[in-house]
J.: 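First the structure, then my questions, so here it is.
We're numbering straight along the sequence, starting at 1.
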Amino acid sequence: MKVLIAGAGPNGLMLACELALAGIRPVVLERRTEPGAEQRANGLVGQVVRMLHRRGLYERLADNGGPPQPAPGFLFGAFPLDLHDVPDNAVFTLMVPQQRIEQMLRERAAELGVEIRHGHEVTGFARADASVTVQLRDRPPLEARFLVGADGGRSVVRKLAGIGFPGATDDRVVSRAAHVSVPAELIGEDGSLIVPGYGVVPPLRHLRTERGLVVWGIMPGRAPLLSTMEWDQPAEGEPSVADLAASVRRVLGAEVPLGPPTGEGPHVLRRLSGGNTRLAERYRDGRVLLLGDAAHVHPAIGGPGLNLGLQDALNLGWKLAAHLHGRAPEGLLDTYESERRPVAERVTMHTQAQSALIAPGSQVTALRKLFGELLTLPATRKHIADLLAGTDVRYDMGTAMGAYVGRAAPELPGLSELTRTGRPLLLLDPSGGLGASSVGAWADRVDVVAMPGLGTAMLLRPDTYVAWEGDDRAGLHDALARWFGAGRSAARAGH
């Protein structure tokens, strides 16, 4: 085997699909005997929505029948964030339960020939110069050239590799969430919750009071979901709807009659004490790599987790495949960490900042008043939008220069169809100075596409990030060698 992936969550499955597109069929190991039924994330936020569209996967989840559109508004630290006039707004949203995302990725992985082995729990591994031997509970060991830990925030792979996971723990916070039922007369026409003695709790918004936070929403085909966050309120007894109702009463200062959920499950009923913000000291230790929550955990506010983790997979997949095919330039695999870790640093920063903005107390209320004034400024809203979408970090592409270099490619006619194969692309404007032969000795690994009106030539990596743009053949060849290794003629000469 070439790659073993520990964890069949969305990040591990996405990596498996990316590797398979590049001609490497990994084996995915999942300790659970069947897919999990627990409700977790409620959707996707950020540019990963557009990235899924570029792999032909967005259409499998969306109901609108068209390409993704930027959201006209979102939330930041329990503030409404108006995005309707933000230029190049990359805050895309797709509200679909994580269970459905995982199901779609399992189906796609099966189409690509990926094997998923449930009931396979990693208990240890031993590394050799050219392989990793993975020990499994009550099963024979497996050997592969690489092991990827996509096994969550409590990653066994990370711990066994001895990779530190420094960060901070906030023991003050208790969060509760449950699917519930409420009297029909308390639900407004817009889906809001009408609370006698308090007022209106708007749908799908973070409502902060001086005592905590309440979030209310109704997703299509699901029971209403109600959640709270409180500080310095000890959690006692077992989680229950009554426990949640008491929390709502403390936060809002008013009673909400809650009952058990009706309709088809699974239904959420959970209570979490404390929260962690942690970032792995490194993403790679020889033949062991970390992915998604195994590499970073953070508060869930704003829903950035899948945006971060799935794009980790898009970044790692083609690089690991190139390494295994023997055509990766020196150091390519190490750029996985150098590119993705700064993005994780930004996410851990802004989720901690949002957590501070929703905390109770008069000082936070004063801070919120000032921050609310700043959000009226277009430049601030643009800055926050890029932060949420993950577009505020620009990858280092060496000496290549250009408006889009180091960033995800802009929307171009037909691009989402061209990028479904996961191959590098050289986009050429027929009126420019470069022709199809410009790709030279890299013609076996880079597809050349004419794109009239582009105004320049643009080299896209498999993850659709722009590695080079311009009309200089020498600069193009430098970029091709930097990202895709020696050209065919050079490789033959070296051989």
Side-chain angles (χ1 to χ4, degrees), residues 9 36 38-42 75-79 98 149 151-160 162-178 206-216 225-253 268-281 290 292-306 308-309 341 344-368 371:
E38 68 274 13
Q39 178 70 16
R40 303 187 69 183
N42 292 309
L75 300 170
F76 186 87
F79 283 94
Q98 181 171 323
D151 48 345
R154 295 183 176 89
S155 171
V156 171
V157 173
R158 185 191 64 242
K159 294 173 183 177
L160 291 170
I163 298 175
F165 205 39
T169 298
D170 186 350
D171 293 324
R172 298 176 56 207
V173 181
V174 177
S175 60
R176 297 170 171 86
H206 294 153
L207 176 65
R208 176 196 176 266
T209 75
E210 288 281 357
R211 297 170 297 278
L213 188 80
V214 170
V215 183
W216 157 266
L225 182 66
L226 184 62
S227 61
T228 65
M229 290 181 67
E230 293 184 271
W231 283 253
D232 301 318
Q233 283 285 344
E236 299 177 351
E238 293 296 319
S240 65
V241 172
D243 179 46
L244 176 62
S247 176
V248 172
R249 182 171 60 250
R250 289 190 296 268
V251 174
L252 296 181
V268 169
L269 178 60
R270 64 171 176 256
R271 184 178 64 207
L272 302 174
S273 297
N276 287 297
T277 300
R278 299 188 180 277
L279 186 58
E281 290 179 337
L290 301 180
D293 289 353
H296 40 68
V297 296
H298 49 79
I301 187 167
L306 287 176
L308 181 59
R341 199 172 189 276
E345 289 172 347
R346 299 289 287 171
V347 170
T348 56
M349 177 274 290
H350 80 66
T351 52
Q352 283 184 299
Q354 291 188 73
S355 298
L357 283 168
I358 65 175
S362 59
Q363 288 181 319
V364 176
T365 300
L367 175 62
R368 289 179 61 83
F371 192 79

J.: Return the CD to CE distance between Q354 and M349, rounded to the nearest 0.5 Å.
T.: 10.0 Å
J.: Does the R158 side chain pair with the main chain of D151, one donor and one acceptor, at a distance under 3.5 Å?
T.: no
J.: Under the side chain to side chain donor-acceptor pair (under 3.5 Å) criterion, do S175 and R270 qualify, and how do the steps go?
T.: CA-CA 8 Å; S175 60; R270 64 171 176 256; over 6 Å; no
J.: Would you name the heavy atoms of D243 and E238 that are closest together and state the gap between them?
T.: CB-O, 4.5 Å
J.: Heavy-atom distance under 4.5 Å between the side chains of R176 and E230, does that happen here?
T.: yes
J.: D293 versus S155: any side-chain heavy-atom pair under 4.5 Å?
T.: no
J.: Check T228 against S247 and note the closest heavy-atom contact, atom names and distance.
T.: OG1-OG, 2.8 Å
J.: What distance do L279 atom CG and T348 atom OG1 have between them, rounded to the nearest 0.5 Å?
T.: 6.0 Å
J.: For H296 and L308: C-alpha separation, side-chain torsions, deciding distance, then whether side-chain contact (heavy atoms from CB on, under 4.5 Å) applies.
T.: CA-CA 9 Å; H296 40 68; L308 181 59; 3.3 Å; yes
J.: Considering all heavy atoms of both residues, which atom of V268 and which atom of A177 are nearest to each other, and what is their separation?
T.: CG1-O, 3.7 Å
J.: From T169 OG1 over to R278 CZ, what is the distance, rounded to the nearest 0.5 angstrom?
T.: 4.0 Å
J.: Sequence neighbours excluded, which residues qualify as side-chain hydrogen bond (donor to acceptor under 3.5 Å, both in side chains) partners of D171?
T.: none
J.: What heavy-atom pair brings P304 and V347 nearest, and what distance separates the two atoms?
T.: CG-CG1, 3.9 Å
J.: Where do D170 and W231 come nearest, in terms of heavy atoms and distance?
T.: OD2-NE1, 4.4 Å
J.: Which pair of non-hydrogen atoms, one from L269 and one from V241, has the smallest distance, and what is that distance?
T.: CD1-N, 4.1 Å
J.: Once rounded to the nearest 0.5 Å, what's the spacing between atom CG of L213 and atom CG of L252?
T.: 10.0 Å
J.: In this structure, are over 12 heavy atoms from other groups packed under 6.0 Å from R250 atom CZ?
T.: yes
J.: Which label fits F76 and F371: parallel for a plane angle under 30°, tilted from 30 to 60°, or perpendicular past 60°?
T.: parallel
J.: Looking at E210 and G361, would you say the former's side chain and the latter's main chain have a donor-acceptor pair under 3.5 Å?
T.: yes
J.: Going from CE on M229 to CZ on R208, what distance comes out if it is rounded to the nearest 0.5 angstrom?
T.: 12.0 Å
J.: Could you measure the distance from the OG atom of S355 to the NE2 atom of H298? Nearest 0.5 Å is fine.
T.: 10.5 Å
